[in-house]
Amino acid sequence: MGIENSATTPSAIAVTTPAAPVTPARTNLRGTLQAALGVAAFSLTFPATAWGLEGFGAWSLVAVRSVLAGLIAGGCLLALRVPLPARRRWAGLAVVAAGVVVGFPLLTTLALQTSTTAHAAVVVGLLPLTTALFSALRVGTRPSRTFWTAAFAGAAAVVAFTVQQSGGALTTADLYLFAALLVCAAGYTEGGRLARIMPGWQVIGWALVLCLPLSVPAAVLALSYEPVHLTWHGVTGLLWLAAGSQFLGLVVWYRGMAAIGIPKASQLQLAQPLLTLVWSVLLLGEHLTVAAPLTAAAVLVCIAVTQRARG
């Protein structure tokens, strides 16, 4: 009879290392980077609009970019079989659509018919303060006193620049731009709020789809009245406005706002005028006055303060 070995063979015990927790610092960094990518995309909007106006009329450019962006967004939503948002979300999506899909593109395009991109970019430097104010009213955020001081300082620099450039009187283009600030800030605030409860890309995606019943007939009507001259600049500008500014830029922007909060994300846009000034020189050959880069630099300094302050 053989001797049985009662010893048990040791077995390897798998030890799983828990995944590194997502810390608030990592979330803030990721959100800041996403919002910054959105700002970079937005900084090309005015130069792209100027290019687009070389081939399309103002109304055609706005309508066609909305249609193209809506088709891109609708295709993504359909491909991923995203269900319709709950009925209670549609009112907020309508505000996003009115502000960032229709209002801001239309008003800024009309302004750029008579204004330079450099001037328009610095005026839109008021958008961070406007968005922070809307956020305080709509969402109830309460940034610190340091935050508000820096935000108002940047806004004051923009107002001083606008008055100095216009000789003490507001132009029609300035009125278009100031109206654009209000509707865009409302759209940003509502979109940032919705991005906390649904993916950011779906927020802008459904807003764009919501506009298709209006943008498609508007595009057909505008194209029938305004002449079209297909140029490389015109087509490139239109495609960037539709895919970059109107969709992809807003996707990362709303994700960033949801991660770090609407007030802090909005203040990153203080860098947008400076970036747009650079693009206006490189892409459009515009000549800047001394006041433009100085003002842009002044509001850029405010970013560091607002990002370090409690927002």
Non-neighbouring partners of S215 that pass side chain to side chain donor-acceptor pair (under 3.5 Å), sequence neighbours left out: none
Going from CZ on F56 to CG on L61, what distance comes out if it is rounded to the nearest 0.5 angstrom? 7.0 Å
Under 3.5 Å, which donor-acceptor pairs link side chains of residues 63-91 to any protein atom two or more places apart or in another chain?
from	atom 1	to	atom 2	distance (Å)
R65	NE	Q246	OE1	2.9
R65	NH2	Q246	OE1	3.2
W90	NE1	P85	O	3.3

OG1 (T49) and CD (E54) are apart, to the nearest 0.5 Å, by 11.5 Å
Nearest heavy-atom contact between A41 and W240 is O-NE1, 3.6 Å
Flag the pair F42 / L250 as yes when at least one side-chain heavy-atom distance between them is below 4.5 Å, and no otherwise. yes
Quick check: closest heavy atoms across E190 and G92, and the distance to 0.1 Å? CG-O, 3.4 Å
Which residues satisfy the side-chain contact (heavy atoms from CB on, under 4.5 Å) test with L214, sequence neighbours excluded? none
For the pair T130 (side chain) and L182 (backbone), establish whether a donor and an acceptor sit closer than 3.5 Å, ignoring hydrogens and angles. no
List the residues meeting side-chain contact (heavy atoms from CB on, under 4.5 Å) with A40, not counting sequence neighbours, and say none if there are none. none
Checking Y188 now: which residues fulfil ring pair (Phe, Tyr, Trp, His ring centres under 6.0 Å) with it, not counting sequence neighbours? W253
Looking only at heavy atoms, which two atoms of A120 and S115 are closest? And how far apart? N-OG, 3.8 Å
Let me confirm one number: the CZ-CZ distance from R193 to F134, rounded to the nearest 0.5 Å. 14.5 Å
Determine, using the 4.5 Å side-chain heavy-atom cutoff (strictly less than), whether L127 and I204 are members of one ILVMFWY cluster. yes
Are W206 and Y254 connected, step by step, through hydrophobic side chains (Ile, Leu, Val, Met, Phe, Trp, Tyr) whose heavy atoms are closer than 4.5 Å? yes
Minimal non-hydrogen separation, A265 against M257, with atom names: CB-CG, 3.7 Å
Supply the atom-to-atom distance L230 CG to L238 CG, rounded to the nearest 0.5 angstrom. 9.5 Å
Quick check on the hydrophobic clustering: are W232 and L44 connected, directly or via other members, by side-chain heavy-atom contacts under 4.5 Å? yes
Nonpolar side-chain network containing L37, other nodes, edges under 4.5 Å: V252
Tightest non-hydrogen contact, residues A195 and G200, listed as CB-CA, 4.2 Å
Please name all residues satisfying side-chain contact (heavy atoms from CB on, under 4.5 Å) with P217, sequence neighbours left out, ordered by chain then number. none
Do T276 side-chain atoms and S43 backbone N/O form a donor-acceptor pair below 3.5 Å? yes
Can you list everything that forms a side chain to side chain donor-acceptor pair (under 3.5 Å) with T45? Sequence neighbours excluded, please. S245
Sequence neighbours excluded, which residues qualify as side-chain contact (heavy atoms from CB on, under 4.5 Å) partners of T172? Y176
Under 4.5 Å between side-chain heavy atoms, hopping through other hydrophobics if needed: is there a path connecting W51 to V62? no
What side-chain donor-acceptor pairs closer than 3.5 Å can you find for residues 93-113, not counting sequence neighbours?
from	atom 1	to	atom 2	distance (Å)
T108	OG1	F104	O	2.7
T108	OG1	P105	O	3.3
T109	OG1	P105	O	2.6

Approximate separation, where rounding is to 0.5 Å, of L277 CG and Q272 CD: 10.5 Å
With sequence neighbours left out, what residues match T131 under side chain to side chain donor-acceptor pair (under 3.5 Å)? none
Neighbour count above 12 (heavy atom, 6.0 Å) for W279 CH2: no
Grouping I, L, V, M, F, W and Y whenever their side-chain heavy atoms are under 4.5 Å apart, do V39 and L283 come out in a common cluster? yes
Just jot down the side chain to side chain donor-acceptor pair (under 3.5 Å) partners of Q202, sequence neighbours excluded, or say none. none
